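What follows is a short report on a single structure.
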Amino acid sequence: MRTIYILFIRQLKRYLRSKPRIIGSLGQPILFLVALGFGFGPVFQKAGEGSYIHFLAPGVIGMSIIFTAIFSGIEIIWDRQFGFLKETLVAPVSRFNIMLGRTMGGAVVSTIQGTIVFLISLTVGFRPYNWTLVPLAIVFMFLISLLFTAFGTAIASRLSDMQGFQLIMNFIIMPLFFLSGALFPLEGLPSAISLLTKFDPLTYGIDALRVIFLGAGHFSLLVDTLVLGSVTLGFLLLGSYLFSKIEV
Amino acid sequence: MDNIIEVVNLTKKFKDFLAVDRVSFEVKRGEIFAFLGPNGAGKSTTIKMLTTLLRPTAGQMKINGYNPIKQANQVRHSFGIVFQDQSLDDELTAYENMYFHAVLYNVLKTDRKKLIEKFLRFVDLWDRKDDLVKKFSGGMKRRLEIARGLLHKPDIIFLDEPTLGLDAQTRNYLWTYLKDLNKKENITIFFTTHYLQEAEDIAQRIAIMDHGQIIESGTAEELISKTNSKNLEGAFLTLVGANIRQEESGAIDKLRMRRRMFHK
Ligand SMILES: Nc1ncnc2c1ncn2[C@@H]1O[C@H](COP(=O)(O)OP(=O)(O)O)[C@@H](O)[C@H]1O
Ligand SMILES: [Mg+2]
């Protein structure tokens with residue numbers, strides 16, 4: 001427990017100390033909310049889909065979560081590069097706990113980030129249909145965060161330097177984001193794309209947020225929860241296996 | 001006196017490259033022992049195997065009576081380590097780095113503060129305890145790493161090229177302090193170096209390493225008399241068949257230092 005706790009605290013401290021990073025990482029979601037929200041809003045409404053900002057906000061919250069979470073997971077590469085990883089690997093504690101602590105820390109950081117984006121979206125006109133469900137939304141933000149932090153950890157355990165970083169950005173994070181239905185509805189997509197979206201775990205995360213915030217989604221909350229839960233468990237297991245194999 | 005480290009035929013292969021080749025040696029409890037050898041000799045790789053970071057390809061090891069592969073956690077409690085490359089969290093303060101270590105090593109809550117203060121004072125960093133490590137100079141970081149390595153009261157401390165890139169004054173300061181600790185607390189010191197002078201001045205016994213093998217080991221006097229040389233430099237030349245290439249490695253050190261500075 002003390003291992004999980006101290007690694008968790010470390011992640012949190014590093015996050016809270018890097019104010020430029022927090023502010024910087026809010027730029028993108030704000031841009032999406034404002035530019036897309038106001039830009040596509042009229043088109044969306046004409047197409048009979050209702051308010052775009054209401055549709056978009058959960059997607060942008062999901063976006064900020066997936067970015068922050070995968071980055072937190074991937075921070076292992078930095079720790080390896082700057083040597084700190086060795087300090088944790090020679091300590092008399094289980095690697096599973098090290099990885100769990102880091103992942104929990106990263107997940108909480110991403111949840112905070114998602115919550116901030118939620119608050120920002122309120123300023124551009126987003127309103128949850130039922131305010132009492134906001135805590136539940138935060139629980140789901142945490143689940144999504146956990147999933148993608150574990151995913152980042154798994155990837156980072158296999159990478160020894162920053163070389164692969166750009167690759168991850170372009171070939172993993174971006175596709176996951178665009179295929180998740182964050183920006184467009186999942187109904188009426190070409191069947192190939194529609195199939196792909198079903199393999200993207202973020203799809204279910206964002207869908208869950210829409211169910212909670214808007215009262216309606218593509219799948220049911222039960223399906224979303226089952227998929228998110230099992231994929232998170234899978235990535236945690238994979239991540240801890242790969243992390244246990246790290247040599248420096 | 002018993003042996004705190006026993007190694008038999010330790011071998012490490014990276015793909016087809018033999019980095020450590022059937023290395024055998026012992027270190028006595030309370031001894032100051034050095035690996036002396038040029039860059040690439042296999043010193044760090046050996047230390048990584050002893051400290052549970054790398055799995056050996058073959059051979060046996062015992063640290064403080066424990067097997068590093070089967071009893072990793074007992075072994076990990078037994079030693080402290082200062083790595084060749086820096087291993088601090090730059091975004092945390094000196095105190096936080098120490099605290100993190102104390103928690104990981106299960107230093108008793110009631111002792112934590114006291115011990116952290118003791119060791120930070122020891123290396124003269126108590127005044128800077130609340131500064132972020134990224135503001136520290138190379139020498140300060142090294143001192144902090146040493147304090148951290150000692151925090152959980154290990155029986156052995158591994159120091160991999162601890163004085164690399166430090167100025168003479170800081171070097172002296174560190175060794176005076178470490179030798180004192182060795183005397184007072186009987187802590188075993190295992191260090192690696194490619195400075196002949198350092199090995200001769202500090203170590204009670206030296207193993208000369210080159211191309212993954214231990215060529216010869218003994219006290220400096222033994223090495224000198226065995227090879228009929230005038231000094232350790234001569235002994236090294238006879239045993240390895242080459243100079244330790246100090247000029248060369250000196251240049252590499254400078255490069256490394258420069259790289260480190262750029263990385264900041
Ligand atoms: N992870 C690794 N993969 C491949 N080769 C390695 C690895 N680590 C070290 N080596 C090689 O093993 C040799 C010994 O390295 P090292 O133990 O670091 O030497 P030293 O510490 O004596 O300078 C070097 O030639 C180095 O390039
Ligand atoms: Mg080395």
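Proteins come first, then strands; the chains are lettered A, B, ... in the order of their sequence lines, and each starts at number 1. On a predicted model such as this, the values are computed, not experimentally measured, just so you know.
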Discussion item. Which atoms of B:F100 are under 4.5 Å from chain A, going by heavy atoms: the side chain, the backbone, both sets, or neither?
Written reply: both
Worksheet item: If you measure from CZ on A:F84 to CG on B:N97, what distance do you get to the nearest 0.5 Å?
Response: 6.0 Å
Item to complete: Measure distances from B:R148 to the heavy atoms of chain A and classify the residue's part below 4.5 Å as side chain, backbone, both or neither.
Response: side chain
Worksheet item: Quick one: what part of A:K86 sits under 4.5 Å from any heavy atom of chain B, side chain, backbone, both or neither?
Response: both
Item to complete: Heavy atoms only: give me the nearest A:R2-B:V103 pair and the separation to one decimal.
Response: NH1-O, 2.8 Å
Worksheet item: Can you tell me how far CD of A:E247 sits from NZ of B:K48, rounded to the nearest 0.5 angstrom?
Response: 9.5 Å
Worksheet item: Is the closest side-chain heavy-atom distance between A:E87 and B:I81 below 4.5 Å?
Response: no
Worksheet entry | Which atoms of B:H101 approach chain A - backbone, side chain, both or neither, heavy atom under 4.5 Å | both
Response to the item:
For B:D89 and A:R14 the tightest heavy-atom approach is OD1-NH1, 2.6 Å
Discussion item. Do the side chains of A:R17 and B:E96 get close enough for a salt bridge, i.e. N-O under 4.0 angstrom?
Written reply: yes
Practice prompt. Return the minimal non-hydrogen interatomic distance between A:A91 and B:R76, and the atom names on each side.
Written response: O-CD, 3.3 Å
Worksheet item: Can you tell me how far CG of A:L89 sits from OG1 of B:T52, rounded to the nearest 0.5 angstrom?
Response: 8.5 Å
Discussion item. Please give me the minimum heavy-atom distance between B:L104 and A:V93, naming the atom from each residue.
Written reply: O-CG1, 3.3 Å
Practice prompt. Sort out for me which of A:V90, A:L85, A:I9 touches chain B most, counting heavy-atom pairs under 4.5 Å.
Written response: A:V90
Fill in: Proximity breakdown for B:L53 and chain A, heavy-atom pairs closer than 4.5 Å
both
